[in-house]
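Contents: one structure, followed by commentary.
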2 protein chains.
Amino acid sequence: MNRFQNKITLNICEMVFIKDPNSSELGRNILKGSIDLIDELGFEDFTLKKLSKGISSTEASIYRYFESKHHLLSYLILWYWGWQEYRMILSITNIDNSKEQLKRVVKILTEEIKEDSNFAEINEVKLNRIVIAEASKIYLKKQVDHDNSLGFFKKYKEVVQMVSEIITSINSTYKYPHMLVSTIIEGAHHQRYFAQHLPSLTDVIDNEDSITTFYQKLALKEIQ
Amino acid sequence: MNRFQNKITLNICEMVFIKDPNSSELGRNILKGSIDLIDELGFEDFTLKKLSKGISSTEASIYRYFESKHHLLSYLILWYWGWQEYRMILSITNIDNSKEQLKRVVKILTEEIKEDSNFAEINEVKLNRIVIAEASKIYLKKQVDHDNSLGFFKKYKEVVQMVSEIITSINSTYKYPHMLVSTIIEGAHHQRYFAQHLPSLTDVIDNEDSITTFYQKLALKEIQ
DNA sequence: CTTAAATGATAGCATTACTATTATAATTGC
DNA sequence: GCAATTATAATAGTAATGCTATCATTTAAG
């Protein structure tokens, strides 16, 4: 299982980091510490100085792994999508029915995340909250085209592509598979955030994961 | 028409500004200049110092209108939703069929914006680009609950509520109207941004506003 | 035409994001 | 086992940012 982890992690485009954070103790501390601190403070108030104190290192040392705090966040998001891709692949292995496949991947992309003990230094619950609250900030920037050319969004695009292909195998004439998938993914993140902070923008129903239910049904109705 | 404008503008919760920017020449210059500059530089690289140079004023003077650049952006977004609400109301006046009403408001919320000559100091095309690229940054912050209590998101919530009521009047048993509406609004913004910068996350089709078409159809299928 | 309010000019301050330099520890090669 | 390389720590520094404070000047209202 750890080999799979390394595979995912190392597959992360090398443009995101200067030195692979998975290759050393300090690197792994940076990952763990930054997840804790970004989750706690939000990305605006998170600084590499605070992080360096938290992990008993120095700013300069962290800069040998990541060019900037923007690169560090990009790495975490990229890791997250690699992990989601891996979970999606596992969840549809040996499932032949395309509609069932779609239901399962939509569940993975919209459900509340539980900790995955396979990856020690990553707290997936916190990382999921970071993706919900901070991920859009990495592409809503003027540098987006440059970062895109360096592969910062590669894993996210692969996830969207994978679900789009399932949709196409259900209905080969459906015209908007990518639009539907990115709408579901971003939508689910927004709904989880709104449920916490702006509840009048969503519909939270007790004893039901209404977000997953909503998007599963929506996907099936839409492509019919 | 200008009275209506003032009504919209002044209805903006007074907590967002210190001094009403619509009440003076300098205030209006701040609005116009900030829209130009945020659109040009992005919110990160936009500073009140640069703005003050652009409008031949000073940082200190701008701070007499807005507590921070975050407040200024919040004002612009609030203005935008007030304006959208006004356009939505106009567009369904005298239309009795609820499905037609829904089609029309979804169009307004998802279409590409054209300049509205009724509001001189606001360039709606640029403001729309700002809303697409920057609006989520005002609520994806740790202060969101505080800002919410001050009414920063009031107009946005009203817009969502208005469309939700149309949906309920089409199908009174539909369980997720707010979720559907906020999914459509945020989704459409993402799709416009993706079409420009990350086209593999969307499906752009020539000679058709595929974004509006997609969300109009999706809304009707979903609530059936 | 006086007085208050609005704006401008200038300075300053703590923090941020990042770089540079030098010292010390840990690894690796032989 | 020791030199040589590399990784990390310690410290200092810089330009820019976000914002505040002070005081002078212009403008507008009574």
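Within every chain, numbering begins at 1; the chains are lettered A, B, ... in the order of the sequence lines, protein sequences first and strands thereafter.
- In this model, the phosphate group of dG8(C) is not approached by any side-chain N or O of S52(B) to a distance below 4.0 Å at OP1 or OP2.
- Partners of Y156(B) under the ring-ring contact (aromatic ring centres under 6.0 Å, His included) rule, at least two apart in sequence or in another chain, are W81(B).
- Taking atom CG of residue L26(B) and atom C1' of nucleotide dA6(C), one finds them 9 Å apart after rounding to whole Å.
- Residues satisfying the side-chain hydrogen bond (donor to acceptor under 3.5 Å, both in side chains) criterion with E85(A), sequence neighbours excluded, are K155(A).
- In this view, R129(B) and D39(B), V125(B), K126(B) satisfy the side chain to side chain contact (heavy atoms under 4.5 Å, CB included) rule, not counting sequence neighbours.
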Just the atom pairs and distances: protein N or O near nucleotides 14-21 of chain C's N or O, under 3.5 Å.
{"from": "dA17(C)", "atom 1": "OP1", "to": "K69(A)", "atom 2": "NZ", "distance (Å)": "3.0"}
{"from": "dC18(C)", "atom 1": "OP2", "to": "Y63(A)", "atom 2": "OH", "distance (Å)": "3.3"}
{"from": "dC18(C)", "atom 1": "N4", "to": "E59(A)", "atom 2": "OE1", "distance (Å)": "3.1"}
{"from": "dC18(C)", "atom 1": "N4", "to": "E59(A)", "atom 2": "OE2", "distance (Å)": "3.2"}

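- Atom CD1 in I18(B) sits about 15 Å away from atom C1' in dT7(C), given to the nearest Å.
- Remark: nothing in residues 134-151 of chain A comes within less than 4.0 Å of DNA chain C through any heavy atom.
- By the 30° and 60° cut-offs, the orientation of the rings of F43(B) relative to F46(B) is parallel.
- Residue Y65(B) is classed as a sugar-phosphate contact, given heavy-atom separations below 4.0 Å to backbone atoms only.
- Separating the CG atom of L41(B) from the P atom of dA16(D) is a distance of 15 Å, rounded to the nearest angstrom.
- In this structure, the ring-ring contact (aromatic ring centres under 6.0 Å, His included) partners of F214(B), at least two apart in sequence or on a different chain, are Y176(A).
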Determine all donor-acceptor pairs shorter than 3.5 Å in which one atom belongs to a side chain in residues 157-164 of chain A; sequence neighbours excluded.
{"from": "K157(A)", "atom 1": "NZ", "to": "N148(A)", "atom 2": "OD1", "distance (Å)": "2.8"}
{"from": "Q161(A)", "atom 1": "OE1", "to": "H178(A)", "atom 2": "NE2", "distance (Å)": "2.8"}
{"from": "Q161(A)", "atom 1": "NE2", "to": "E165(A)", "atom 2": "OE2", "distance (Å)": "2.7"}
{"from": "S164(A)", "atom 1": "OG", "to": "V160(A)", "atom 2": "O", "distance (Å)": "2.8"}

Working for ring-ring contact (aromatic ring centres under 6.0 Å, His included), residues Y139(A) and F194(B):
CA-CA 10 Å; Y139(A) 59 76; F194(B) 291 159; 5.6 Å; yes

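- Applying the side-chain hydrogen bond (donor to acceptor under 3.5 Å, both in side chains) test to T202(B) and every residue at least two apart in sequence or in another chain returns Q191(B).
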Determine, for nucleotides 24-30 of chain D in 5'-to-3' order, which nucleotides have protein heavy atoms under 4.0 Å from the base (write B), from only the sugar-phosphate (write S), or from neither (write -).
-------

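- Note on S61(A): a side-chain N or O is less than 4.0 Å away from OP1 or OP2 of dA9(D).
- The nearest whole Å value for the distance from the CZ atom in F66(B) to the C1' atom in dG18(D) is 16 Å.
- Here S56(A) lies in heavy-atom contact (under 4.0 Å) with sugar-phosphate atoms only.
- Shown here are the side-chain hydrogen bond (donor to acceptor under 3.5 Å, both in side chains) partners of T58(A), two or more places apart in sequence or in another chain: S61(A).
- An OP1 or OP2 oxygen of dT7(C) is reached within less than 4.0 angstrom by no side-chain nitrogen or oxygen of S57(B).
- For the residue pair N118(A) / D116(A), a side-chain donor-acceptor distance below 3.5 Å is found, with atom types taken as modelled.
- Within the nucleic acid shown, S23(A) has no heavy atom closer than 4.0 Å to any nucleic acid atom.
- Taking S23(B) as the reference, nothing meets the side-chain hydrogen bond (donor to acceptor under 3.5 Å, both in side chains) condition, with sequence neighbours excluded.
- For E67(B), the side chain to side chain contact (heavy atoms under 4.5 Å, CB included) criterion is met by I18(B), H71(B), not counting sequence neighbours.
- Atom C1' of nucleotide dA16(D) and atom CG of L51(B) are separated by 17 Å, given to the nearest angstrom.
- Between the CD1 atom of I62(B) and the P atom of dA9(C) there is a distance of 12 Å, given to the nearest Å.
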